[in-house]
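Report on one structure; see the data block that follows.
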Amino acid sequence: MDDGHAAPNQGFDGYREYFVGKRQLQKAQEDQLREVCGARPSIFRGCRVHVNGRTDPDREELRREIVMHGGTFVHYLARPSDATHIVAEHVPTAKRRLWRVCKVVRPAWVLACLRSGKLLPWQPYAAAGTEAAAGIVASAGSPQGPRLTCKDPGFIEDFFAKSRLHHLSTWKAALREKFLDRYLRTNEGALNDLRAPPAHILHVDFDCFFATVSGIKAGYQSKTEVPLAVCHGGSSSDVASCNYAARECGIRNGMWVSKAQELCPNLVCLPYTYDAYETVSNSFYEVLEDLKAFDAVYPISVDEAVCVIDRPLDTLSCQELCIRIRAEVAERTGGCVVSIGCAPSLVLARLALKRAKPDGYLVCVKEPIKGGDTQVVSPAHLFETCTLRDLPGIGRAIAEKLLLGFTGHEHTIAQVSQLFSRSELITRLGSITGAKLADLFQGLDDVESSRMLRNPRAYFARKSLSAEINWGIRFDSVPEIDAFLDRLVQYLVSKINELCMTTSQIVLKIARRSSDAPIEPPKYLGMGDCDSFSKSCQLGLATNNPGVISAEIKAAFRMLSCPAKELRGIAVQFLKLREASTSHMPRQLRLPFSTIKPLETPKNRMKASVTELPPVVYKRATPIKDFFERHKRTSNSPSPDFTHMMSAPALCESFLGELPTDLAEEIRREHRIYQKARSSYLQSSRKKVETGVHGNTSEHILENSEILGPITFQNLTSQEKIKSLVREWISQTLRSDGPNHEDLSLFTSYLDRLISGGPRRLPALLSMARLISDQLRIHESYGDKQSFHEWEEYLVRVVLVRLNRCKQLYTQNVEILFDIYPQIDRP
DNA sequence: CTTGTGTGGTAG
DNA sequence: ATCGCTACCACACAAG
């Protein structure tokens, strides 16, 4: 095809002659080649090799190597059996059936044979599109186990292991943590005190990172002409990354493989190679470190960093540095290409990087010498050549708000900045976004980005932790979802424990199929068009306790009233993170006061004010968006009726007795969770009434304490007898179904009467809290898990909250550490 | 005015 | 088949 010299321009009659003549010429060339280098090992003896389509290395080079190493080159493949091996980057769809039994290999096979000096098995090099290639991928991935669904226990881990976006997020978080760790220990790798804007900023970024690295791993050169894409497979899988050869055909990241293959039938799909991405990324950051050229290196992502030089440097030195970085990275990463934008601000560096790609660098200076190097440009040049969307933080939605009907890719920054004044931007986009864009138009960094340079400690510090899954979510019933939520919470709790932190606000976010979306979207197991809803929940106390968190999340799911079958996505977020404990003891909850040691010295007072709990405020349960409207919308669906359950005081046990055991069990389980949702509503509204009516609660209670007699529980007055009753009650219910809700209310009201009894009743209250905690500790490894969680929740949400409230009423500056489950170790 | 919740957007 | 994550900011709105 592309055979150096074009076919002679002759008539139809001449073709046969031409081909015969050409074949003789080729034969002669090959004989000559063999003579010239006869001493080479005959690796390909007996092989008849045909090369199909565009390859890398190209057809001529492959031919030379095959012939020189004893093989026969088959120029024209009349029948598949004419060749023993077919070399191709991929199998064209048209040939797939014809070549089904052929050995179709990638050029990498030839290279590998040459390297090892012998004929290698062809199967590992099977070209994309062959059955052998599919077989290799499938068997290499997982050992043919049954595919996991979202109902299976290992689903979350399995999904995350394969999700590119999960990996990107995880890597980013790890890099930030690593940066912070080093910065806090040594102040190394960051600027000490950045008063003035730094002199030079280099934004360094790999060209199509995944595609290049996966390509190299599959035997392609980093700048191959072969169009490559990284994806999981099939037609509705996403192109995670494609190389520039593929982009020339119009293929874009995020596009579906089916669309990409329409645009470019030659496209070669490569599997993800997450390990290799990590390895290359590590080398990348090592290069930046080893260069010792920067005052700071800030991680942006696995394949992207911002390097800062805080001293004046002439333009030529900047260029030399860019060239050096590119060369070093290529050398240390098997040929990967990074592009670089160098400028006096983050925005300009970013724009310069955009224009530098692919495979280049660009230095932006205020006044470049006219007619000088093309790698040096002015800010104005960047504004005239970059589009609105190239600006950081300007995505689809914002661009469309400004340019109705356009995506923001059609207009240059210079054009758009002419169209809008600062105040117009603020009117259209809001005060902060508008002002930010106005600043960006001037080449000034926005506040948020420059915070990274000015205060990296705050910028990189983690403020939340979350996990979400919006693929493969297909449930039939709420208990299945409960089990999933339990696992998701467990996953997050192990993460938060690794961080040695606790959370006091959690959020459940769900995606629910839009009413006009089909049950099954075009993407296999995808979420399709969804509405999203969220419910947040204040915990009152910071905790890492999976039982407490799980119960809240499950209750929150009820509040969102989404029918199980409509659920398409689930997210759980931990907000308001705090350091777990200053004493490094696992799973301690701080209680508000102590009978052991009141703190009085000024020194202790100081300490107490630092570790003091935030005041516990019972939040009003806020009505969620369109709650009743949505409930109405779903009330004729099979989902349980939330408001009905809210008002139902108890289950009729005799009725339940008539039902099959598993069904009755399911109903009881449902009921328990609705009771939780209900009780949190009742408590919060009662609190609202109390604080609303009595301005000064403490005075009122102290007054009452004068007229109250002995405080009883179940007609018992003796503290010891009450305690042994409660001990028995807890121990029994832990081994069975958990505490009865009515019983809990009675006990709570006893606790409340103790509180109203004034400060002298506090030891009794504290002693009850200890008793519950002790019982939980004793029974933790036996008994029913669900019951345990219920008692645990009661302790944290009801008892501890009351103790905390008392602290505000009666005592100040007193604290103890209340060790609830000391035997549980944290990693 | 401040505060908090729920929703939406963006980046890599 | 296919793996549509996650941290963080900003806004609208409601409630005090």
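Numbered from 1 within each chain, the chains take letters A, B, ... in sequence-line order. Only this structure's heavy atoms are used, side chains among them; waters, hydrogens and symmetry mates stay out.
Salt bridge A:R474/A:E520: present, at least one basic N to carboxylate O contact under 4.0 Å. Salt bridge present: A:R422 and A:D439 bring a charged side-chain N and a carboxylate O closer than 4.0 Å. A salt bridge between A:D390 and A:R350 is absent, with no side-chain N of the basic residue lying under 4.0 Å from a carboxylate O of the acidic one. Ionic pairing of A:R396 and A:E400 is present here: one or more N-O contacts between side-chain nitrogen and carboxylate oxygen are shorter than 4.0 angstrom.
For A:S163 against C:dC3, no side-chain N or O and base N or O form a donor-acceptor pair under 3.5 Å.
No engagement by A:R389 is indicated, since no non-hydrogen atom pair under 4.0 Å with the nucleic acid exists. Residue contacts for A:I432: at a heavy-atom cut-off of 4.0 Å it reaches the sugar-phosphate backbone alone, with no base atom in range. Using a 4.0 Å heavy-atom criterion, one finds that A:K463 contacts the sugar-phosphate atoms exclusively. Heavy atoms of A:A461 sit under 4.0 angstrom from primed sugar atoms or phosphate atoms, though from no base atom. Nucleic acid contact for A:D158: none, since no nucleic acid atom lies under 4.0 Å from a heavy atom of the residue. Across all strands, A:R350 comes closer than 4.0 Å only to sugar-phosphate atoms, never to a base (heavy-atom distances).
Considering only side-chain N and O atoms, A:Q505 lies nowhere under 4.0 angstrom from the phosphate OP1 or OP2 of B:dG4.
Note: CG (A:L440) to P (B:dA11) measures 11 Å, nearest angstrom. In this structure, A:L499 places its CG atom 13 Å from C1' of C:dA7, rounding to the nearest Å. Rounded to whole Å, atom P of C:dA10 lies 13 Å from atom CG of A:L429.
Set against C:dA7, B:dG12, C:dC5, the side chain of A:R462 has C:dA7 as its closest nucleotide.
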